[in-house]
There are 2 protein chains.
Amino acid sequence: MSKSETKTSSAKNAVVAKARFARIRNDHAKELAEDYLEMIDDLTSANGEARAVDIANQLGVSHVTVTKTVARLKRDGLVTSQPYRSIFLTPKGKRIADNARRRHQTVLQFLLALGVPADSAEIDAEGIEHHISPATLKAMREFTKKNA
Amino acid sequence: MSKSETKTSSAKNAVVAKARFARIRNDHAKELAEDYLEMIDDLTSANGEARAVDIANQLGVSHVTVTKTVARLKRDGLVTSQPYRSIFLTPKGKRIADNARRRHQTVLQFLLALGVPADSAEIDAEGIEHHISPATLKAMREFTKKNA
DNA sequence: TACAGAATATAGTCTATGCTATATTCGTAA
DNA sequence: TTACGAATATAGCATAGACTATATTCTGTA
Ligand SMILES: [Mn+2]
Ligand SMILES: [Mn+2]
Ligand SMILES: [Mn+2]
Ligand SMILES: [Mn+2]
């Protein structure tokens, strides 16, 4: 392999890696929002409302952290809230929550079908769900269907 | 279901969820370090040294970001470096890099065995790899072996 | 060898995500 | 109805991880 070929190959590798890590950084930027929105939707179903204190308790973070994160979700048009009131999803937030839940379930069911013990599957799914491309999601669904 | 049973069940759910999200936050805290260490090891193998500029180019971030992250790795005893010199793994850093690479490969090979197209598999593996419990890793290895 | 360009260092800034401490408001039980 | 405990708000702080702009140092080539 000539020096110029090595250089070209290195450059292409770098371009590919760059895109890969950019995708990961983007996934992370959306991750917390997806978990919050899914949780707000679940709490609303279960309790009739989503309170900051309940979100904080589920996540294991302080209520201040929740308040600040909810403020960002509000800024981004994903939830609405008034002082001292519970939190509501906007249509846009609800759409994201629904998609996140569907994807989360797909990953969880897949891990269970693969033979992962339930406790590990539930923990791993919480992290994995945010890094799944449509192609992988499709492959997971197909596997689960065949191995239910 | 009585009110007290509901409460107990809710409380247990919260405890379980809390642990789950704590694991995810911990995964994230280690994620960037793992990717850097793996990359430093790879660059050292490929080029004889790992320079900040190469790491920056692979990751698609500025060299300042790399410098600051490397400073944290140094603080944590995972790399060594002198001003204007390239970066080296400590034994501890090398151990983490090796484990990270093994796990990364396991996840990638698994996704390929599952039928995910190579480009998607490579991107998804970069994110998924940090959220895999030993139980899931084992299940993936077994699947890949049977479906190579 | 000298110098131009590449690499690295440093200063300063920003956002996201976490915390504690304190103040305020709400909601309910007595 | 009120008072107390729960919930929420707010101020202040910290760290990680990102950036630009500028200064310095290194290194390969002329
Ligand atoms: Mn989820
Ligand atoms: Mn999640
Ligand atoms: Mn990796
Ligand atoms: Mn990775």
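Because only heavy atoms are used, hydrogens play no part in the values below, and waters and symmetry mates are left out as well, while side chains stay in. The chains referred to below are lettered A, B, ... by the order of the sequence lines, with proteins before strands, and numbering in each begins at 1.
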Between P of dC14(C) and CZ of R75(A), the distance in whole Å: 15 Å
Ignoring backbone atoms, test whether S62(B) places a side-chain nitrogen or oxygen under 4.0 Å from the OP1 or OP2 oxygen of dC19(D). yes
Readout for nucleotides 1-13 of chain C: B = base within 4.0 Å of protein heavy atom, S = sugar-phosphate only, - = neither; 5' to 3' it is ------SBBBB-B
Just the rounded figure in Å: distance from C1' of dG17(D) to CD1 of I24(A). 16 Å
Got a sec, which pairs hit salt bridge (Lys or Arg N to Asp or Glu O under 4.0 Å) with one end in residues 53-76 of chain A, sequence neighbours left out? R51(A)-D54(A)
Between T106(A) and T144(A), is any pair of side-chain heavy atoms under 4.5 Å apart? no
May I have the distance from L78(A) (atom CG) to dA16(C) (atom P), rounded to whole angstrom? 13 Å
Are side-chain heavy atoms of V53(A) and N57(A) found at a separation under 4.5 Å? no
Which heavy atom in E129(A) sits nearest to a heavy atom in D35(A), and how many Å separate them? OE2-OD1, 3.0 Å
Using modelled atom types only, decide if a donor and an acceptor are shared between the side chain of T136(B) and the backbone of I132(B) within a distance under 3.5 Å. no
Would you check if the distance from the ring center of H130(B) to the ring center of H131(A) is below 6.0 Å? no
OP1, OP2 of dC19(C) versus side-chain N and O of T65(A): anything below 4.0 Å? yes
